[in-house]
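Step one of this worksheet: look at the structure below.
Computed from a prediction, not measured in an experiment: that's the story for all the values here. A note on names: the letters A, B, ... follow the listed sequences, proteins ahead of strands, and every chain is numbered from 1.
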Amino acid sequence: MSLQNDLTQKVIEAVKQLYQVELPAVEFQPTRKDFEGDITVVVFPMLRHVKGNPVQIGTKIGEYLVEHVDEVSKCNVVQGFLNIVIEDGYYLNFFNNIFDQEDFGYVKTQSDDAVMVEYSSPNTNKPLHLGHIRNNLLGYSVAEILKASGKKVYKTQIINDRGIHICKSMLAWQKFGEGETPESSGLKGDHLVGKYYVAFDKAYKEQIAELVDAGTPKEKAEKEASILLEAQEMLRKWEAGDDEVVSLWKKMNGWVYDGFDTTYKNLGVDFDTLYYESDTYLLGRDVVKDGLERGVFFKKEDGSVWIDLTEDGLDEKIVLRSDGTAVYMTQDIGTAIQRVTDHPDINGMVYTVGNEQDYHFKVLFLILKKLGYSWAEQLYHLSYGMVDLPSGKMKSREGTVVDADDLIKNMEDTAESISQELGKLDGYSEEEKKQLYRTIGLGALKYYILKVDPKKRILFNPEESVDFQGNTGPFIQYTYARIQSILRKADNVRSSAVETSLDLHEKEKELLKQIQLFPETVQLAAENFSPALIANYTYDLVKEFNSFYQQVSILGETDGHKKNFRVQLSQKVGEVIQSAFRLLGIDVPERM
RNA sequence: GGUCGCGUAGCUCAGCUGGAUAGAGCAUCUGCCUUCUAAGCAGACGGUCGAAGGUUCGAAUCCUUCCGCGAUCACCA
């Protein structure tokens with residue numbers, strides 16, 4: 001039973017006793033810092049049911065609470081706000097109850113329903129860039145948050161390993177590659193393939209320019225450039241299962257996967273199952289045919305199949321071409337169904353995809369609902385804004401991208417130079433230092449991206465490096481390291497339970513209140529698919545701790561009971577920081 | 001043009017489902033390292049919450065209109 005539930009009952013009881021009125025609900029909020037109190041009852045909404053002066057009503061209820069509720073030590077009323085002061089003992093009891101709780105804040109019991117979280121899903125013709133980083137961090141973090149909230153989670157990605165874009169890289173490699181491999185050149189596989197994707201584009205543009213010079217209209221030239229025709233021919237061969245093309249495709253995709261694996265490992269993200277578009281691109285057509293018979297879809301004169309969504313405020317959408325081949329939507333319908341077939345416990349999916357596809361997913365979800373799948377009610381498009389540069393959009397073909405691997409390296413380097421300036425790492429081996437720079441650099445990057453609302457677009461300026469001070473990952477990591485330093489120096493941390501008759505320092509009480517919020521924050525973050533809530537919660541906790549740390553002596557405290565409590569409190573704050581950051585995929589260091 | 005999203009301090013962002021005097025960080029300026037890590041703490045400066053109406057005891061938050069920015073509206077993926 002939470003304190004708030006308890007108080008709700010008591011307030012209702014009080015109003016019944018005092019005014020013979022049954023309140024439907026009671027509104028609470030944390031007390032503002034400028035007033036004395038821990039929790040506040042808002043009296044205004046009661047005026048609908050109880051006639052009178054809010055100050056008087058508040059005062060009466062306050063008096064009742066002080067008399068009838070053990071945890072309430074005193075009350076005061078300001079305007080229509082009844083501020084309630086809670087006994088220190090209540091918080092100390094709470095602390096003793098959760099102190100030994102491992103993974104405090106996480107829900108351990110797993111529900112039977114699983115949710116599949118899709119994220120990353122790159123094309124295999126170019127390396128990952130900053131946009132993918134945002135996608136990966138968001139998807140991974142939401143998956144972890146859902147797990148912590150008690151859901152069973154499958155992490156997945158669909159790899160776009162098929163189509164004309166792959167053929168472009170393959171063709172350019174054949175033409176200009178001279179047998180170059182990741183081994184021969186030392187280039188990471190995805191970067192090597194990406195290099196040929198760019199090479200294709202360059203050759204293609206040159207051909208267009210030549211044709212235009214020779215008098216061909218630009219539009220025509222774009223369609224007739226010989227290198228493009230060759231790529232299209234290659235795609236046809238691939239679809240026909242041509243041995244040579246398929247084996248080249250396998251070889252180059254292998255290079256890309258190796259490269260991606262390295263980047264994923266560096267980023268600290270992982271997947272439970274993978275889907276390849278080359279396996280799934282034919283899915284969905286049967287479903288469409290079936291849906292056509294059931295009247296969900298309709299056929300136009302030319303044979304193409306559509307769905308009419310005008311009643312839902314959308315328009316008509318094609319689901320099968322006139323020649324019977326699939327469109328993107330067909331595939332997505334088929335893939336969604338396939339996933340549930342593969343994992344029958346799925347009752348919900350999260351798609352981490354940029355907001356330019358908002359409309360697509362709205363339509364997809366609606367179609368799946370109309371097809372009658374029960375799990376279709378539990379689909380969520382985790383939509384996020386683009387990451388733009390000051391120069392505008394990132395474009396792989398034009399080379400205006402912030403490469404994921406470069407950026408990670410960059411962050412590590414910054415962490416290194418700051419650490420060296422501060423020079424606190426005596427006794428660390430080179431290997432340990434390297435590990436630490438990585439932890440801090442990635443912490444800065446991940447926190448920077450995850451702390452903002454996914455819907456907002458991010459303007460990333462590579463010239464101004466990501467901050468390491470203030471509301472940042474390293475700030476929080478630093479606080480964690482500070483706590484570990486205290487714990488190393490303290491002996492017998494767990495010597496005994498905390499003495500509940502202690503008088504709490506204001507800062508201690510604030511910390512306990514903040515710790516108490518962690519479990520509900522995890523739930524809220526899960527409900528809203530929002531890592532930002534976790535990030536902001538952690539920041540508040542850490543700010544509170546640093547303030548406490550500055551004002552109150554922990555190891556220097558002479559009263560044994562107080563010292564015992566403060567050490568344990570510090571430890572618990574450290575644990576919560578670690579738990580919260582785990583949900584963001586950020587590591588915490590022992591020293592820094 | 002239709003639809004969706006965003007607009008809060010010079011900059012980057014919080015602000016839950018309406019509540020008290022709108023909060024942080026960066027930047028600028030002041031203090032605090034002989035005491036547990038100064039990547040820290042304490043403080044100053046900085047706001048007509050895009051604009052105008054409306055709903056109500058109360059609006060940054062809800063509704064309407066308008067303005068600005070972005071995305072989207074392909075037998076592309």
[atom1]-based separation of [M] from [N] [nearest Å]:
N      : M      : atom1 : result
C57(B) : G46(B) : C1'   : 32 Å
G23(B) : A14(B) : C1'   : 7 Å
U21(B) : U3(B)  : P     : 38 Å
C13(B) : C36(B) : P     : 37 Å
G53(B) : G47(B) : P     : 22 Å
U64(B) : G5(B)  : P     : 11 Å
C62(B) : U56(B) : C1'   : 11 Å
C63(B) : G18(B) : C1'   : 13 Å

How is [X] classified with respect to the nucleic acid when contacts are heavy atoms under 4.0 Å: base, sugar-phosphate, or nothing?
X       : answer
V552(A) : base
S322(A) : base
D453(A) : sugar-phosphate
N461(A) : nothing
I440(A) : base
S570(A) : nothing
E277(A) : sugar-phosphate
Q79(A)  : nothing
M592(A) : base
E27(A)  : base

D332(A) side chain to Y351(A) side chain, donor-acceptor N/O pair below 3.5 angstrom: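 No, no side-chain donor-acceptor pair sits under 3.5 Å.
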Tell me yes or no: between the side chains of Q550(A) and N546(A), is some donor less than 3.5 Å from an acceptor?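 N546(A) and Q550(A) do not have a side-chain donor-acceptor pair below 3.5 Å.
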Under 5.5 Å between ring centres and under 30° between planes: true for [X] and the base of [N]?
X       : N      : result
F475(A) : G40(B) : no
F44(A)  : G58(B) : no
Y549(A) : G40(B) : no

With sequence neighbours excluded, what pairs up with E27(A) under the salt bridge (Lys or Arg N to Asp or Glu O under 4.0 Å) test?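 For E27(A) there are no salt bridge (Lys or Arg N to Asp or Glu O under 4.0 Å) partners, ignoring immediate neighbours.
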Proximal nucleotide (of [options]) relative to the [X] side chain:
X       : options                : result
I486(A) : C26(B), U37(B), U21(B) : U37(B)
K543(A) : C76(B), U37(B), G25(B) : G25(B)
R321(A) : A20(B), C69(B), A77(B) : A77(B)
P45(A)  : C36(B), G19(B), C73(B) : G19(B)
R488(A) : C41(B), A77(B), U37(B) : U37(B)

Protein-nucleotide distance ([X], atom [atom1]; [N], atom [atom2]), rounded to Å:
X       : N      : atom1 : atom2 : value
Q551(A) : A42(B) : CD    : C1'   : 9 Å
Q232(A) : C76(B) : CD    : P     : 12 Å
L541(A) : A24(B) : CG    : P     : 17 Å
F529(A) : C16(B) : CZ    : C1'   : 16 Å
L450(A) : A14(B) : CG    : P     : 12 Å
N536(A) : C16(B) : CG    : P     : 11 Å
D388(A) : U12(B) : CG    : P     : 13 Å
Y539(A) : A39(B) : OH    : C1'   : 13 Å

Any donor-acceptor pair, under 3.5 Å, between the side chain of [X] and the base of [N], if you only look at N and O atoms?
X       : N      : answer
N546(A) : A42(B) : no
T472(A) : A39(B) : no
S419(A) : A39(B) : yes

Please confirm whether the shortest side-chain N or O distance from [X] to OP1 or OP2 of [N] is below 4.0 Å.
X       : N      : value
K451(A) : A24(B) : no
K456(A) : A14(B) : yes
Y359(A) : U72(B) : no
S485(A) : U37(B) : yes
K424(A) : A39(B) : yes
R482(A) : A38(B) : yes
R32(A)  : G15(B) : no
K455(A) : G70(B) : no

Most 5' of V542(A) and V42(A) on RNA chain B, judged by nearest nucleotide: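 Of the two residues, V42(A) wins.
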Find which nucleotide of RNA chain B each of T479(A) and V78(A) is nearest to by heavy atoms, and output the residue with the more 5' nucleotide.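 The 5'-side residue here is V78(A).
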Using a strict 4.0 Å threshold on nitrogen-to-oxygen distance, state whether [X] and [Y] make a salt bridge.
X       : Y       : value
D34(A)  : R32(A)  : yes
R236(A) : E239(A) : no
K507(A) : E510(A) : no
E508(A) : K513(A) : no

For the backbone of D358(A) and the side chain of N355(A), can you confirm whether one donor and one acceptor N or O come within less than 3.5 Å of each other?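 No, the answer is negative, given that no donor and acceptor are paired below the 3.5 Å cut-off.
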S570(A) side chain to R566(A) backbone, donor-acceptor under 3.5 Å: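 Looks like yes, one N/O pair under 3.5 Å.
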Y197(A) ring center within less than 6.0 Å of F200(A) ring center: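 No, they do not, as the ring centres are separated by 6.0 Å or more.
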Decide, for C66(B), between syn and anti: a glycosidic angle within 90° of 0 counts as syn, anything else as anti.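 The base of C66(B) is oriented anti (glycosidic angle more than 90° from 0).
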Option from N160(A), D161(A), N253(A) for which side-chain hydrogen bond (donor to acceptor under 3.5 Å, both in side chains) with T124(A) holds: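 Answer after filtering N160(A), D161(A), N253(A): N253(A).
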By the side chain to side chain donor-acceptor pair (under 3.5 Å) test, which pairs, at least two apart or in different chains, include something from residues 411-426 of chain A?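 Only K409(A)-D413(A), E412(A)-R438(A), E416(A)-Q420(A) qualify under side chain to side chain donor-acceptor pair (under 3.5 Å).
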Parsed dot-bracket for RNA chain B after applying the Watson-Crick and G-U rules with both distances under 3.5 Å and | for other-strand partners is (((((((..((((.....[...)))).(((((.......))))).....(((((..]....))))))))))))....
